[in-house]
Amino acid sequence: MSETVICTSRATVMQYDDANKKWVPAGTGPQAFSRVQIFHNPATSTFRVVGRKVQPDQQVVINCAIVKGLKYNQATPNFHQWRDARVVWGLNFGSKEDATQFASGMLHALEVLESSAGAVPNIVPNGPSPEDLEQQRRQQLEREQLERERRVSNAGQ
């Protein structure tokens with residue numbers, strides 16, 4: 001069986017440069033948006049993130065396995081990050097919708113990996129359930145409200 005795409009988003013793929021303590025664009029050439037996808041291989045119950053620049057050469061800027069126990073951090077509504085064995089990856093999304101879609105796919109993959117315990121799960125290729133999406137939407141609204149309240153509080157000081 002081949003891999004299936006469980007989500008596609010648009011983002012700039014970044015890597016953390018530990019030596020200089022800053023984020024740098026992944027790949028070569030100028031910073032550009034990439035089509036970032038999460039692939040699932042049902043035969044091996046594995047997932048990976050693949051990103052290709054949206055340019056004529058379609059340079060691969062990320063090809064990273066999603067492994068059980070990976071810590072996925074939604075640092076801001078539009079910037080998410082995680083670490084693999086060698087690199088701290090960051091995705092700077094073109095929109096909140098892209099970020100939400102990718103986060104749903106990533107959290108779904110991590111949930112499947114966590115619950116699999118060696119079994120090959122039955123994956124629904126259409127992604128998360130409507131209940132999951134609604135819960136994520138509510139959590140996003142709560143985070144945005146907290147951020148607004150923090151800004152108002154800081155402005156008043």
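Keep in mind that this is a model prediction, so the values were computed, not measured.
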**Message:** Show, in sequence, the C-alpha distance, side-chain angles and deciding distance for Glu3 and Val50, and conclude whether the side-chain contact (heavy atoms from CB on, under 4.5 Å) test is met.
**Reply:** CA-CA 12 Å; Glu3 292 178 302; Val50 176; over 6 Å; no
Does a side-chain heavy-atom distance below 4.5 Å link [X] with [Y]?
{"X": "Val67", "Y": "Leu113", "answer": "no"}
{"X": "Lys96", "Y": "Glu144", "answer": "yes"}
{"X": "Trp89", "Y": "Val61", "answer": "no"}

How long is the gap from [atom1] on [X] to [atom2] on [Y], to the nearest 0.5 Å?
{"X": "Asn78", "Y": "Glu97", "atom1": "CG", "atom2": "CD", "value": "8.5 Å"}
{"X": "Arg48", "Y": "Asn41", "atom1": "CZ", "atom2": "CG", "value": "9.0 Å"}
{"X": "Leu107", "Y": "Thr100", "atom1": "CG", "atom2": "OG1", "value": "10.5 Å"}
{"X": "Ser9", "Y": "Gln37", "atom1": "OG", "atom2": "CD", "value": "9.0 Å"}
{"X": "Leu91", "Y": "Gln74", "atom1": "CG", "atom2": "CD", "value": "11.0 Å"}
{"X": "Ile6", "Y": "Ile38", "atom1": "CD1", "atom2": "CD1", "value": "5.0 Å"}

**Request:** Report the hydrophobic cluster partners of Met14, with the cluster defined as I, L, V, M, F, W, Y residues connected by side-chain heavy atoms closer than 4.5 angstrom, directly or transitively.
**Result:**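 Listed partners: Tyr16, Trp23, Phe79, Val88.
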**Request:** Could you go through the side-chain contact (heavy atoms from CB on, under 4.5 Å) check for Asp84 and Arg86 one step at a time?
**Result:** CA-CA 6 Å; Asp84 71 9; Arg86 301 173 297 113; 4.0 Å; yes
**Phe39: partners by ring pair (Phe, Tyr, Trp, His ring centres under 6.0 Å), with sequence neighbours left out** =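 If we apply the ring pair (Phe, Tyr, Trp, His ring centres under 6.0 Å) test to Phe39, skipping adjacent residues, there are no hits.
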**Prompt:** ring pair (Phe, Tyr, Trp, His ring centres under 6.0 Å) with Phe93: which residues, sequence neighbours excluded?
**Reply:**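 For Phe93, the residues satisfying ring pair (Phe, Tyr, Trp, His ring centres under 6.0 Å) (neighbours in sequence not counted) are His80, Phe102.
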**Message:** When you group the ILVMFWY residues by side-chain heavy-atom contacts below 4.5 Å and let the links chain together, are Phe33 and Val36 in the same group?
**Reply:**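 The answer is no; the residues belong to distinct hydrophobic clusters.
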**Asked** Hey, which of Val60, Thr12, Val13 is the one that makes side chain to side chain contact (heavy atoms under 4.5 Å, CB included) with Ser34?
**Response**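 Filter result, single survivor: Val13.
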**Message:** If you apply the rule salt bridge (charged side-chain N to carboxylate O under 4.0 Å, His left out), what do you find for Glu147 with Arg143, and how did you get there?
**Reply:** CA-CA 6 Å; Glu147 180 63 21; Arg143 283 194 295 271; over 6 Å; no
How close do [X] and [Y] get, heavy atom to heavy atom, and via which atoms?
{"X": "Cys7", "Y": "Gly105", "answer": "SG-CA, 4.2 Å"}
{"X": "Ile66", "Y": "Leu70", "answer": "CA-CD1, 4.4 Å"}
{"X": "Glu114", "Y": "Gly69", "answer": "OE1-N, 4.2 Å"}
{"X": "Pro42", "Y": "Ser2", "answer": "CD-O, 3.7 Å"}
{"X": "Ala26", "Y": "Lys53", "answer": "O-CE, 4.1 Å"}
{"X": "Ser95", "Y": "Asp98", "answer": "OG-N, 3.0 Å"}

**Request:** Indicate whether the side chain of Glu149 and that of Gln145 have a donor and an acceptor atom separated by less than 3.5 Å.
**Result:**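 Per modelled atom types, Glu149 and Gln145 side chains form a pair under 3.5 Å.
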**Request:** Might you confirm whether atom CZ of Arg150 has over 12 heavy atoms from other residues, nucleotides or ligands at distances under 6.0 Å?
**Result:**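 Enclosed: over 12 neighbouring heavy atoms sit under 6.0 Å from CZ of Arg150.
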**Message:** I'd like to know if the side chain of Ser115 reaches the main chain of Val112, judged simply by a donor and an acceptor atom lying under 3.5 Å from each other, with no hydrogens or angles considered.
**Reply:**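 Flag set: sc Ser115 to bb Val112 pair under 3.5 Å.
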